[in-house]
2 protein chains.
Amino acid sequence: MTAAPSPRPTESELEILQILWDKGNCTVREVHEILEKSKDAGYTTTLKLMQIMHEKGLVARDTSSKTHIYRALVNQEKTQQHLVNKMIDNVFNGSAARMVMQALGNHKASKDEIDSIKKYLDELSNQ
Amino acid sequence: MTAAPSPRPTESELEILQILWDKGNCTVREVHEILEKSKDAGYTTTLKLMQIMHEKGLVARDTSSKTHIYRALVNQEKTQQHLVNKMIDNVFNGSAARMVMQALGNHKASKDEIDSIKKYLDELSNQ
DNA sequence: ATTTGATTACGAAACAATTCGTAGAAGGAA
DNA sequence: TTCCTTCTACGAATTGTTTCGTAATCAAAT
């Protein structure tokens with residue numbers, strides 16, 4: 001039994017994972033074209049990153065044809081969980097509540113979102 | 001007019017900022033002794049980090065006596081805000097609500113905390 | 001005055017993340 | 001086949017972060 005890959009992607013790796021989580025299977029070029037919209041980097045940079053991610057076990061790839069196809073190997077929710085917990089410890093001294101309030105207090109969340117969070121909290125309380 | 005220091009502390013710098021935010025004024029030794037409890041690094045490492053933070057404008061220091069006294073220059077809430085927003089974008093595709101639910105869904109928050117969040121959300125909605 | 005202990009300053013090593021140039025392989029078009 | 005484009009592989013440069021050894025300075029104690 002091999003250990004599960006520990007979800008510690010770097011920032012650049014995270015950008016790529018976002019795309020893979022969203023799209024499923026992707027070629028390097030597909031990922032790169034999306035990345036280019038928000039970022040300014042060369043194609044071989046994206047390629048190299050994805051190759052490193054493969055070495056680390058963050059992604060799998062199908063090399064049966066010339067153009068390789070990549071997909072995420074790490075779980076989106078687990079990765080998010082891990083990063084959020086780290087931030088709660090690192091930045092908010094372990095207080096999830098303080099982080100939540102900070103996150104919501106800055107008009108990032110719409111009224112609809114706030115309502116859905118309230119509903120969610122009610123369900124949490126009733127358990 | 002000089003630009004405000006942009007709040008982009010590294011992880012190690014954040015550990016030190018936490019202490020400074022909590023304690024106010026500190027010597028390197030004080031910071032180091034607290035750091036040692038959770039981390040394993042030499043005194044000169046802590047010193048060097050704090051010197052770099054000074055160069056970056058993250059902290060101020062009083063050098064009038066031999067033992068320098070440091071204090072945080074960046075604002076705690078602004079820094080938290082900045083990091084949380086970055087995480088929302090980077091990790092949760094811009095959805096604050098998804099991050100909040102992820103943060104609360106994993107037993108990090110106690111019942112009391114959840115209640116206080118609900119109260120907070122009610123205030124937000126009533127504006 | 002000398003020693004001792006604590007402090008800062010400095011530089012360099014070790015490591016990690018990011019970027020990209022270049023070369024070579026593969027495949028399709030002419 | 002030859003040419004052109006696209007792709008992967010590889011290695012190296014660059015930059016940023018973390019770590020710590022060593023030397024110099026200072027002050028207090030002897």
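Just so it is clear, the model here is predicted, and its values are computed rather than measured. Atoms considered below: every heavy atom in the structure, side chains included; atoms not considered: hydrogens, waters and symmetry mates. Quick note on labels: first sequence line is chain A, next is B, and so on, each numbered from 1.
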Query - Set of side-chain hydrogen bond (donor to acceptor under 3.5 Å, both in side chains) partners for A:Lys39, sequence neighbours left out - result: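 A:Lys39 satisfies side-chain hydrogen bond (donor to acceptor under 3.5 Å, both in side chains) with A:Glu15 only.
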Query raised in the report: For B:Thr46, what residues pass the side-chain hydrogen bond (donor to acceptor under 3.5 Å, both in side chains) criterion, not counting sequence neighbours?
Result: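 If we apply the side-chain hydrogen bond (donor to acceptor under 3.5 Å, both in side chains) test to B:Thr46, skipping adjacent residues, the hits are B:His32.
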Report summary line: Note: A:Val59 and A:Ala72 closest approach over all heavy atoms is CG1-CA, 4.2 Å
Within the pair [X] and [N], is there a side-chain N or O less than 4.0 Å away from OP1 or OP2?
{"X": "A:Arg8", "N": "C:dA17", "answer": "no"}
{"X": "B:Thr10", "N": "D:dT18", "answer": "yes"}
{"X": "B:Arg29", "N": "C:dA6", "answer": "no"}

Query raised in the report: Can you tell me if A:Asp62 and A:Ser64 form a side-chain donor-acceptor pair at under 3.5 Å?
Result: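 Present: a donor and an acceptor within the cut-off.
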Query raised in the report: A:Gln81 and B:Gln102: side-chain donor and acceptor closer than 3.5 Å?
Result: yes
Take the protein atom [atom1] of [X] and the nucleotide atom [atom2] of [N], then report the distance between them rounded to whole Å.
{"X": "A:Glu11", "N": "D:dT17", "atom1": "CD", "atom2": "C1'", "answer": "14 Å"}
{"X": "B:Glu30", "N": "C:dT8", "atom1": "CD", "atom2": "C1'", "answer": "16 Å"}
{"X": "A:Tyr70", "N": "D:dC7", "atom1": "OH", "atom2": "P", "answer": "12 Å"}
{"X": "B:His32", "N": "C:dA6", "atom1": "NE2", "atom2": "P", "answer": "12 Å"}

Query raised in the report: Contacts to DNA chain C from residues 39-54 of chain B, heavy-atom cutoff under 4.0 Å, which residues?
Result: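 Under 4.0 Å from DNA chain C: B:Tyr43, B:Thr44, B:Leu47, B:Lys48, B:Gln51.
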Query raised in the report: From C:dA26, C:dA9, D:dC26, pick the nucleotide closest to the side chain of B:His68?
Result: C:dA9
Query - Donor-acceptor under 3.5 Å (A:Ser95 side chain, A:Arg98 main chain) - result: yes
Requested in this report: Starting from the 5' end of DNA chain C, give me the residue, B:Thr63 or A:Ser65, whose nearest nucleotide shows up first.
Outcome: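 Looking at DNA chain C, the more 5' nearest nucleotide goes with B:Thr63.
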